[in-house]
Amino acid sequence: QVQLVESGGGLVQAGYSLRLSCAVSGRTVSRYTMGWFRQVPGKERELVAGMTWSGGSTLYADSVKGRFTISRDNAKNTVYLEMNSLKREDTAVYYCAAKYWAIPTPRPGDYDYWGQGTQVTVSS
């Protein structure tokens with residue numbers, strides 16, 4: 001069925017950039033709304049960025065607006081999260097998620113499919 005696989009995480013210095021990828025497999029990919037979430041110990045999972053597959057609707061956390069960009073490559077069935085000007089506070093496990101139809105929402109419970117997560121560590 002639908003499978004999401006994240007990649008691209010790693011260690012990066014503050015001020016630099018990193019791009020995460022989410023390979024999506026399954027039927028009717030274009031009908032899904034995609035989201036990137038992150039989670040740190042002791043805190044709830046939070047939405048970082050979300051978009052309908054068409055790109056017609058996007059949603060960003062205030063903390064990443066102007067720094068992060070969500071996009072997709074339809075030919076590759078891959079969703080990206082471009083992270084620029086990284087801060088130490090961006091350190092977290094990042095998850096790719098998807099839900100069928102609808103616009104992006106900040107609630108993790110709204111999403112039906114999840115990747116395994118990828119660690120992003122930003123050094124000061």
[X] side chain vs [Y] backbone, donor-acceptor pair below 3.5 Å:
{"X": "Thr118", "Y": "Tyr94", "value": "no"}
{"X": "Arg72", "Y": "Thr78", "value": "no"}
{"X": "Thr52", "Y": "Thr33", "value": "no"}
{"X": "Glu6", "Y": "Gln116", "value": "yes"}
{"X": "Gln39", "Y": "Glu46", "value": "no"}
{"X": "Thr91", "Y": "Glu89", "value": "no"}

Decide yes or no for [X] and [Y]: does some side-chain heavy atom of the first lie under 4.5 Å from some side-chain heavy atom of the second?
{"X": "Glu82", "Y": "Ser17", "result": "yes"}
{"X": "Tyr16", "Y": "Val122", "result": "no"}
{"X": "Pro104", "Y": "Ser57", "result": "yes"}

key: NZ/NE/NH1/NH2 to OD/OE distance under 4.0 Å, Lys87 and Asp90   =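 No, no charged N to carboxylate O under 4.0 Å.
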
Donor + acceptor pair across side chains of Tyr100, Arg31 (<3.5 Å) =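 On atom types as modelled, these side chains qualify, holding a pair under 3.5 Å.
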
inquiry  = Between Thr105 and Asp110, do the side chains contain a donor N or O and an acceptor N or O under 3.5 Å apart?
reply    =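 Yes, Thr105 and Asp110 have a side-chain donor paired with an acceptor closer than 3.5 Å.
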
Which heavy atom of [X] sits nearest a heavy atom of [Y], and at what distance?
{"X": "Ser123", "Y": "Leu11", "value": "CB-CD1, 4.3 Å"}
{"X": "Met34", "Y": "Ala98", "value": "SD-CB, 3.6 Å"}
{"X": "Asp73", "Y": "Trp53", "value": "O-CZ2, 4.4 Å"}

Is it the case that one hydrophobic cluster holds both [X] and [Y], taking links as side-chain heavy atoms less than 4.5 Å apart, direct or via other members?
{"X": "Leu59", "Y": "Val48", "value": "no"}
{"X": "Val93", "Y": "Leu18", "value": "no"}
{"X": "Trp36", "Y": "Tyr80", "value": "no"}
{"X": "Val64", "Y": "Leu20", "value": "yes"}

How many angstroms lie between [atom1] in [X] and [atom2] in [Y], if you round to the nearest 0.5 Å?
{"X": "Phe68", "Y": "Met83", "atom1": "CZ", "atom2": "CE", "result": "5.5 Å"}
{"X": "Arg67", "Y": "Ser85", "atom1": "CZ", "atom2": "OG", "result": "7.0 Å"}
{"X": "Asn84", "Y": "Arg19", "atom1": "CG", "atom2": "CZ", "result": "11.5 Å"}

key: Given Leu4, Val2, Val79, Asp112, the one that forms side chain to side chain contact (heavy atoms under 4.5 Å, CB included) with Tyr32   =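 Passing option: Val2.
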
request  = If the plane angle is over 60° it's perpendicular, under 30° parallel, otherwise tilted; pick one for Trp114 and Phe37.
outcome  = tilted

task = Might you work through the side-chain contact (heavy atoms from CB on, under 4.5 Å) test for Tyr113 and Val24, ending with a clear yes or no?
result = CA-CA 10 Å; Tyr113 308 101; Val24 184; over 6 Å; no

Chi angles and distances behind the side-chain contact (heavy atoms from CB on, under 4.5 Å) call for Gln3, Val5 = CA-CA 7 Å; Gln3 184 176 6; Val5 181; 3.9 Å; yes

Aromatic Tyr111 / basic Lys99 pairing, under 6.0 angstrom, 45° off normal = yes

